[in-house]
Amino acid sequence: MSEEPREKPSNFIRDIILEHNASGRFGGNVITRFPPEPNGYLHIGHAQAISIDFGLAREFGGRCHLRFDDTNPTKESQEYVDSIIDTVRWLGYDWGQHLYYASDYFEQLYAWAVQLIKAGNAYVDDLTQEQISEYRGTLTEPGRESPYRNRSVEENLDLFARMRAGEYDDGTKTLRAKIDMASGNINLRDPVMYRIRKASHHRTGDAWCIYPMYDWAHGQSDSIEGITHSICTLEYEDHRPLYDWYLDQLGVHHPQQIEFARLSVSHIITSKRKLLELVQQGIVSGWDDPRMPTLAGLRRRGYTPEAIRDFTERVGTAKAAKVVDIALLEHCLREDLNRRAERRMAVLRPLKLVIENYPEGQVEAMEAVNNPEDPAAGTRKVPFSRVLYIEQDDFRDPAPPKYFRLSPGAEVRLRYAYIVKCTGVERDSAGQVTTVRGTYDPDSRGGDSRGRRVKGTIHWVSASHSIPAEVRLYDHLFAAPRPDDADDWHTALSPSSLEVVRSARLEPALAGSDRGSRFQFERQGYFCVDERDSSPSQLVFNRSVGLRDTWAKIESKG
RNA sequence: UGGGGCGUGGCCAAGCGGCAAGGCGCGGGACUUUGGAUCCCGUAUUCGGAGGUUCGAAUCCUCCCGCCCCAACCA
């Protein structure tokens, strides 16, 4: 298959790098990094950052580091580190030997802090958290200087050493940068650099009881690694002057920070707090529930890394806040899977169809194309017999206008098999159709209508040869495009985000399908074998995304 | 009332003084043994608004309006 080289859309970050390369600013180097905090699962929003960081490095022949900004031991854990590593790798990116942790730089950061103290640019503050907040002022009023702001260098050095030594309790002292309490930029009002936290860190254990704030650690970590382009989201634009200040005071390598608008998608939420609530309240089955916007969830849902990468490229990189329609994400998946997924027949809600003129006991192996988009995928045999199952939706009595499927007296093609004509219906006492009867045309073997006009083609399975399966029909977790706009986001939850169908019957070729394998169930959508709950004896499929359904549109319009 | 950003069709997004790319979606048609895919065609006299500069402005200037972020010892 040929990958049509879709031209990458230009964006302002690429333009900036091009300028740097032209001026020789970083000697033509492009070294980026993806810097997650290991305190949660990565979601679709992170995918764009990953794609930009790694993508740009790849495009310009540079490299991208994976660095964990693990500066807050009370919120971080190895579990998250592992899951993030696994996810980034799954997405298809490689950082080579460049796996780093901000915690690896704690000693250097400490030395630099001492350097700032010596230069009179940092001080130990005894104000409580509440007092610091009061002294900071407000958005419109300047702050006030802490009474401890002018301690001597010697005293600060001594106090800071004792903070490190563990002589003080949590929260009793901080190290602060001495910048400008009247700055319009609140980040510059003597930001805290270190806080006391007598907590074990997932990597450094109990070696430290003071931990650097993200703002103090981040820029210097970038500098240590020789990062040239430090790409981040818009909310850090205000922090850039602070990072610049630190770097300039220290006189070390100074990366260029560039900010872009984070990605959000319609019909989902990405708030960590809300996602956690979904999991804890059992509204979803876990962080990898196929309805979750986490990359683990999308993966289990059947999304391919290729589709997600394509999506992140198509949404573009800019500075305007955006909420991309989830339809684009789904389109990317369909486009990818249409090309790659083999087709199979599966009947979700079986309705018995008896071919009255087909010999009892006879079985034919009908040849079916595995993937019309890819001849190399070959063909397979599907057993045909007298008693079949068809989809309940594919029979209607009476038939509505423009309905091309089966109804009394009507003809339809059974895909890859025969043309059949409906001759009768059996109903139970409640009037529900229990069996459809029909006759087949022996001359139409393979589905050849030989010039006849047969508009409808439906899928089927042989009742006795089919195998059972559970199929989970997933839909958007939220019915509303912007769940966060609701007064209470819970009310935006869709009641039909999951429908479990336990009665599905599959063509026998699906038996023993590997976990994670993906198929198109003809006329229905793309499905994958659930990685967690499926087993060879109890197959479980997840619907990744449905096929475009023109008939549903026609019917809903009346 | 402070600081920082952003406003191009339903949703994204190119454009950087020469007269509105593209994608998704939507509507219509062709084709079709998936009402799938594919292929055509259509979808902003107009770029948040008002002035101004210019032969000419989405692009430059001025003012106004709207939206987002910032007052964690979170990241």
Side-chain angles (χ1 to χ4, degrees), chain A residues 6-7 9-11 15 35-37 39 69 71-72 74-76 125 127-129 132-134 136-143 170-176 182-189 191-197 210-211 213-215 217-218 233-241 259 261 263 266 314-332 334-335 338-339 343 345 368-369 372-373 402-405 413-417 419 444 446-449 454-459 481 520-525 546-555:
Chain A
R6 183 165 30 226
E7 204 172 303
S10 102
N11 69 58
D15 292 344
E37 182 193 16
N39 73 338
D69 275 333
T71 54
N72 187 352
T74 62
K75 292 188 173 171
E76 299 153 5
D125 197 356
L127 253 29
T128 64
Q129 190 162 347
I132 286 181
S133 178
E134 284 169 35
R136 185 147 31 226
T138 68
L139 292 180
T140 54
E141 299 160 323
D170 282 14
T172 57
K173 282 182 166 48
T174 56
L175 182 73
R176 295 230 257 164
S183 174
N185 182 344
I186 288 173
N187 294 120
L188 263 18
R189 319 241 266 226
V192 171
M193 294 167 66
Y194 278 94
R195 73 285 215 183
I196 300 171
R197 276 266 148 86
I210 56 172
Y211 289 94
M213 296 293 291
Y214 171 86
D215 278 347
H218 187 76
T233 45
L234 251 27
E235 63 269 32
Y236 291 104
E237 211 152 20
D238 284 352
H239 298 238
R240 181 157 34 106
E259 309 86 4
L263 166 66
S266 72
R314 289 214 214 187
V315 297
T317 304
K319 297 189 74 160
K322 63 170 140 243
V323 179
V324 176
D325 194 329
I326 197 167
L328 177 60
L329 213 210
E330 296 172 338
H331 168 82
C332 291
R334 286 194 195 99
E335 190 174 85
N338 174 51
R339 221 165 39 217
R343 317 281 123 129
M345 290 198 283
V369 172
E373 305 296 321
K402 296 206 185 129
Y403 185 78
F404 304 148
R405 283 110 97 144
R413 174 187 296 104
L414 295 179
R415 176 137 241 227
Y416 297 127
I419 309 291
S444 63
D448 183 0
S449 58
V454 179
K455 286 215 82 169
T457 298
I458 64 174
H459 59 277
Q520 182 198 99
F521 288 175
E522 295 225 15
R523 302 207 307 133
Q524 308 200 92
L547 247 29
R548 275 189 59 207
D549 191 347
T550 307
W551 165 243
K553 273 183 196 170
I554 294 171
E555 198 176 28

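Naming convention: chains lettered A, B, ... in sequence-line order (proteins, then strands); numbering from 1 in each chain.
- Side-chain contact check for A:Thr71 and A:Asp69: no donor-acceptor pair (N or O, by modelled atom type) lies under 3.5 Å.
- Aromatic ring pairs are classed by plane angle as parallel below 30°, tilted from 30° to 60° and perpendicular above 60°; the pair A:Tyr236 and A:His218 is parallel.
- Judged by distance alone, the side chain of A:Ser183 and the main-chain N or O of A:Asn185 form a donor-acceptor pair under 3.5 Å.
- Rounded to whole Å, the distance from NE2 on A:His331 to C1' on B:A37 is 12 Å.
- Separating the C1' atom of B:A30 from that of B:C16 is a span of 41 Å, rounded to the nearest Å.
- Within 4.0 Å (heavy atoms only), A:Val323 reaches sugar-phosphate atoms of the nucleic acid but no base atom.
- Comparing the same atom, P, in B:G18 and in B:U59 gives a spacing of 12 Å after rounding to whole Å.
- Under a 3.5 Å cut-off, the side chain of A:Lys322 and the backbone N or O of A:Gly316 do form a donor-acceptor pair.
- Between A:Gln520 and A:Glu373, every side-chain heavy-atom pair lies at or beyond the 4.5 Å cut-off.
- In this structure, A:Leu234 places its CG atom 14 Å from C1' of B:G3, rounding to the nearest Å.
- Taking the side chain as every heavy atom from C-beta outward, A:His331 and A:Asp325 never approach each other to under 4.5 Å.
- Distance check on atom C1': B:C24 versus B:G9 gives 13 Å, rounded to whole Å.
- Rounding to whole angstrom units, CZ of residue A:Arg189 and P of B:G4 are separated by 13 Å.
- Between the C1' atoms of B:A57 and B:G17, the separation comes to 6 Å (whole Å).
- With both ends at atom C1', the span from B:G42 to B:G10 equals 16 Å, rounded to whole Å.
- Taking atom CD on A:Glu259 and atom C1' on B:C68, their separation rounds to 15 Å, with Å as the unit.
- When the P atom of B:A14 is taken as reference, atom NZ of A:Lys319 falls 13 Å away, rounded to whole Å.
- Counting all heavy atoms, side chain and backbone alike, A:Leu139 lies closest to A:Ile186 at CD2-CD1, 3.3 Å.
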*Take nucleotides 70-75 of chain B nucleotide by nucleotide from the 5' end and write B, S or -, depending on whether a protein heavy atom sits under 4.0 Å from the base, only from the sugar-phosphate, or from neither.*
BBSBSB
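- Counting to the nearest Å, the P atom of B:U8 and the CG atom of A:Asn11 are 17 Å from each other.
- Here A:Lys322 does not reach the OP1 or OP2 of B:C11: none of its side-chain N or O atoms lies under 4.0 Å away.
- Here the C1' atom of nucleotide B:G3 and the CZ atom of A:Arg240 are 13 Å apart, to the nearest Å.
- A salt bridge links A:Arg240 to A:Glu259: one of the charged nitrogens lies within less than 4.0 Å of a carboxylate oxygen.
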*asked:* Within the 4.0 Å limit for protein heavy atoms, which parts of nucleotides 27-35 of chain B are touched? Write it as a string from 5' to 3', B for base, S for sugar-phosphate only, - for none.
replied: S-----BBB
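- In this structure, the side chains of A:Leu414 and A:Ile458 come closer than 4.5 Å at one or more pairs of heavy atoms.
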*Given pairs defined as Watson-Crick or G-U wobble with both distances under 3.5 Å, what dot-bracket annotation applies to RNA chain B, with ( ) intrastrand, [ ] crossing, | other strand and . unpaired?*
.(((((((.[[[..)..(...]]]((((((.......))))))....[[[[[..)....]]]]])))))).....
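- In this structure, B:A72 is classed as syn because its glycosidic torsion stays within 90° of zero.
- At least one side-chain heavy atom of A:Leu127 sits under 4.5 Å from a side-chain heavy atom of A:Arg176.
- No donor-acceptor pair under 3.5 Å is formed between the side chain of A:Glu141 and the backbone N or O of A:Gly137.
- Atom-to-atom, CG of A:Leu329 to C1' of B:G25 comes out at 14 Å; the value is rounded to the nearest Å.
- The gap from the P atom of B:U45 to that of B:C64 amounts to 29 Å, rounded to the nearest Å.
- The C1' atoms of B:A58 and B:U53 are separated by 16 Å, rounded to the nearest whole Å.
- Side-chain contact between A:Thr172 and A:Ile196 is present, with heavy atoms from C-beta onward closer than 4.5 Å.
- Inter-residue side-chain proximity for A:Tyr214 and A:His239 is flagged as unmet; no heavy-atom pair is nearer than 4.5 Å.
- A distance of about 25 Å separates the P atoms of B:C41 and B:G35, rounded to the whole Å.
- Along RNA chain B, the nucleotide nearest to A:Val315 and the one nearest to A:Ala327 differ in position, and the one closer to the 5' end is contacted by A:Val315.
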